[in-house]
Amino acid sequence: MATKTARAAKAARTGPGRPRRTRGRPPAAERDLRADLLAAARELFLSYGYRAVSARQVAAKAGANPAMVHYYFGSKQGLYTAMLREATAPMVAAVDRMLAEAPGQADPAALMDAYMRVIGRHPWIPGLLLREVFAPEGAYREDFIREFAGRVGPRVVELIRRGVGAGRLRADLDPQLALVSFLSLALFPFIARPVLGRVLDQRFDDEGLAALIGHSTRLFAAGTAAGTPT
């Protein structure tokens, strides 16, 4: 009788069909499953490459049903795109904001600052670019060009062109080559981070990152400013 009473009390507490609480990950309803999937994808893609990782493996690492990858992102490709889109959103917003300003008022050095801060906050981006975009037969190259480079690059070139037309930037500046220099200054240090840390003792903590960004933006501004000797 006592056993039946205990069972009834337990049923009243949990309710019919209600899952028991287990140790480990909280139930999906109590955590940001989308964020967990993105975090798992970043780790797996960086470690093993885009082609070698399946949506099922990402879901397993996040402790989720594989259907959740398709629910939130549509596909593995959509998941990868969402990773980069969310990380680069502040930089894209900065480009849009500058394009909306009066012609010639945009400051490419300020845009470089925003770009480098995005990379500094997301140090996984350079590794994924090296593996999946810049490497021979990069699995994500075409998608990256379509989703990011092909959309943002021409807009940055337009900002530089406006600056030249307004007389704020040097008259002989080639906007497309200026973008190449922009990317060289802004991205290369993060790609070379493992070497720079050992050879030059370059730090990427808050202080080291601030010094690097300040140096790169000043150098770019000085080299592109109107009146700079040719």
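Please read all numbers here as calculations on a predicted model, not as lab measurements.
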Is the side chain of [X] donor-acceptor paired with the backbone N or O of [Y] at a distance under 3.5 Å, no angle test?
X: K61; Y: D36; value: no
X: R141; Y: V133; value: yes
X: N65; Y: M68; value: no
X: R170; Y: V164; value: no
X: S47; Y: L44; value: no

Salt bridge (Lys or Arg N to Asp or Glu O under 4.0 Å) contacts in which one or both residues fall within residues 117-132, not counting sequence neighbours: D113-R117
Nearest heavy atoms of [X] and [Y], plus distance in Å:
X: L111; Y: M98; result: N-CE, 3.6 Å
X: A221; Y: A109; result: CB-CB, 4.0 Å
X: L209; Y: G120; result: CD2-CA, 3.9 Å
X: A114; Y: A94; result: CB-CB, 4.3 Å
X: L196; Y: P189; result: CD1-O, 3.6 Å
X: A55; Y: K76; result: N-CD, 4.2 Å

Test side-chain contact (heavy atoms from CB on, under 4.5 Å) applied to R218 and F220, step by step: CA-CA 6 Å; R218 287 192 301 270; F220 187 77; over 6 Å; no
Evaluation steps, side-chain contact (heavy atoms from CB on, under 4.5 Å), between M91 and V152: CA-CA 9 Å; M91 190 269 292; V152 178; 4.1 Å; yes
Criterion side chain to side chain donor-acceptor pair (under 3.5 Å) on Y115 and T88, from CA distance to verdict: CA-CA 8 Å; Y115 182 94; T88 58; over 6 Å; no
Crowded around [X] [atom1]? As in, over 12 foreign heavy atoms under 6.0 Å?
X: Q176; atom1: CD; answer: no
X: F134; atom1: CZ; answer: yes
X: R151; atom1: CZ; answer: no

To the nearest 0.5 Å, what is the distance between [atom1] on [X] and [atom2] on [Y]?
X: M83; Y: L37; atom1: CE; atom2: CG; value: 11.5 Å
X: T217; Y: L185; atom1: OG1; atom2: CG; value: 9.5 Å
X: S216; Y: M116; atom1: OG; atom2: CE; value: 4.0 Å
X: L212; Y: I119; atom1: CG; atom2: CD1; value: 11.5 Å
X: R162; Y: I160; atom1: CZ; atom2: CD1; value: 12.5 Å
X: L187; Y: L130; atom1: CG; atom2: CG; value: 8.0 Å

Say whether [X] and [Y] are linked into one hydrophobic cluster, either directly or through other cluster members, by side-chain heavy-atom distances under 4.5 angstrom.
X: V92; Y: I145; result: no
X: V156; Y: L177; result: no
X: V180; Y: F182; result: no
X: Y48; Y: I125; result: yes
X: L128; Y: F188; result: no

Considering only heavy atoms from C-beta outward, does the side chain of [X] approach that of [Y] to under 4.5 Å?
X: P126; Y: R193; value: no
X: W124; Y: E43; value: no
X: F73; Y: L38; value: yes
X: P108; Y: L159; value: no

Contacts of type salt bridge (Lys or Arg N to Asp or Glu O under 4.0 Å), residue D205, not counting sequence neighbours: R203
Donor-acceptor pair between Y80 and S75 side chains, under 3.5 angstrom: no
Ionic contact status for R146 with E142, cut-off 4.0 Å: no
Evaluation steps, side-chain contact (heavy atoms from CB on, under 4.5 Å), between L79 and Y72: CA-CA 8 Å; L79 172 59; Y72 284 112; over 6 Å; no
side-chain contact (heavy atoms from CB on, under 4.5 Å) between F144 and L84, intermediate numbers included: CA-CA 9 Å; F144 180 80; L84 288 173; 4.1 Å; yes
Geometric class of the Y50/F45 ring pair [parallel <30°, tilted 30-60°, perpendicular >60°]: tilted
